[in-house]
Amino acid sequence: MELDFDPEIVRFSGEPVELHWRSGRAKYRWRTDFVARMRDGSRCAVVVRPPHGIGPQWQERLAALDEVAQAADWQVQVRSVLRGTRLENLMWLADYRFTDRVDPEQEQAVLDAFRRRRPLFEGAGACGVPELPAVDLAYGLMWQRRLLFDWDQPLPQGPLVWAAEGAA
């Protein structure tokens with residue numbers, strides 16, 4: 001979900017690249033977690049940092065990936081798995097990534113309601129759109145990063161929300 005939320009990533013697939021190499025007599029192999037096509041057309045190998053720390057074997061694998069990526073003119077991103085409130089918020093917003101048809105006037109009314117920082121439900125209630133559709137619109141705009149909020153504040157509690165610059 002995090003890759004789907006990243007505005008610089010236009011497509012990605014899981015474990016599509018497997019590296020094979022030798023070091024001395026030993027044979028090694030490693031799969032990237034994802035390969036992404038970036039907005040600028042470049043490719044990026046994405047690996048997820050191990051949850052219990054990086055050991056020498058992981059560092060060696062990452063060095064091999066860096067070498068191959070450099071030769072292929074790819075980027076490498078090392079990402080950590082989100083946890084806690086940030087993960088819960090991402091999962092909450094993921095339900096709004098594929099929105100139904102949106103009335104442009106209602107969307108604009110929701111954006112206008114958040115020209116200044118205000119609690120989510122206050123802004124949704126003040127925009128002139130019925131409250132439940134306004135909240136749904138707000139969540140969709142948050143997924144699109146046209147509305148912003150503090151990721152450490154739980155969404156169900158209605159964090160402060162504001163329009164991103166140029167969101168209108």
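A distance below 6.0 Å separates the ring centres of W151 and F149.
Legend: residues meeting ring-ring contact (aromatic ring centres under 6.0 Å, His included) with W162, ordered by chain and number and at least two apart, are absent. Looking at residues two or more places apart in sequence or on another chain, you find a ring-ring contact (aromatic ring centres under 6.0 Å, His included) between W143 and F5.
When hydrophobic clusters are built by joining Ile, Leu, Val, Met, Phe, Trp and Tyr residues whose side-chain heavy atoms come closer than 4.5 Å, directly or via intermediates, F12 is grouped together with M38. No path of Ile, Leu, Val, Met, Phe, Trp and Tyr side chains, each step under 4.5 Å between heavy atoms, connects L3 with W92, placing them in separate hydrophobic clusters. V47 is connected to W21 through a chain of hydrophobic side-chain contacts under 4.5 Å among Ile, Leu, Val, Met, Phe, Trp and Tyr, so both are in one cluster.
Residues V68 and W74 form no side-chain contact, since every pair of their non-hydrogen atoms from C-beta on lies 4.5 Å or further apart. Q144 has its side chain within reach of L141: a pair of non-hydrogen atoms, C-beta onward, lies under 4.5 Å apart. The shortest distance between side-chain heavy atoms of M91 and M1 falls below 4.5 Å. With contacts defined as side-chain heavy-atom distances shorter than 4.5 Å, the pair E60/Y28 qualifies. Annotation: side chain of V76 is in contact with side chain of L62 (closest heavy-atom distance under 4.5 Å). Within the 4.5 Å cutoff, the side chain of L111 has heavy atoms near those of the R146 side chain. For the pair W30/L65, a side-chain contact is recorded, criterion being any heavy-atom separation below 4.5 Å from C-beta on. Put simply, the side chain of L93 reaches to within 4.5 Å of the side chain of L155, judged on heavy atoms.
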Go through R49 and I54 one step at a time and tell me if the side-chain contact (heavy atoms from CB on, under 4.5 Å) criterion holds.
-> CA-CA 7 Å; R49 183 181 313 278; I54 297 173; 2.9 Å; yes
Please lay out, stage by stage, how V110 and L147 fare under the test side-chain contact (heavy atoms from CB on, under 4.5 Å).
-> CA-CA 9 Å; V110 171; L147 288 179; 4.2 Å; yes
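Side-chain atoms of D66 and Q70 include no donor-acceptor pair closer than 3.5 Å. For S42 and Q75, the side-chain atoms include at least one donor-acceptor pair closer than 3.5 Å.
Nearest heavy atoms, V48 versus W58: O-CZ2, 3.8 Å. When all heavy atoms of N89 and Q153 are compared, the pair lying nearest together is ND2-O, 3.0 Å.
Here the NE2 atom belonging to H20 is positioned 6.5 Å from the CZ atom belonging to R29, to the nearest 0.5 angstrom. A distance of 4.0 Å separates CZ of R61 from CD of Q57, quoted to the nearest 0.5 Å. One distance of note links OG1 of T32 with CD of Q77; it measures 12.0 Å at 0.5 Å rounding.
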In residues 120-138, what donor-acceptor pairs under 3.5 Å come from side-chain atoms, sequence neighbours left out?
unit_1, atom_1, unit_2, atom_2, d
E122, OE2, R118, NE, 3.1
E122, OE2, R118, NH2, 3.4
D136, OD1, Y96, OH, 3.3

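Panel note: side chain R39, backbone P7; a donor-acceptor pair is recorded below 3.5 Å. The closest donor-acceptor contact from the side chain of D150 to the backbone of L160 lies at 3.5 Å or more, if one exists at all.
Using a 4.0 Å cut-off between charged nitrogen and carboxylate oxygen, R79 and D6 count as a salt-bridge pair.
L90 pairs with exactly one of L82, T85, D4 by the side-chain contact (heavy atoms from CB on, under 4.5 Å) rule, that one being L82.
For E105, the CD atom is loosely surrounded, since the number of other residues' heavy atoms within 6.0 Å does not exceed 12. Summarising the local packing, CG of D73 is surrounded by 12 or fewer heavy atoms from other residues, nucleotides or ligands at distances under 6.0 Å.
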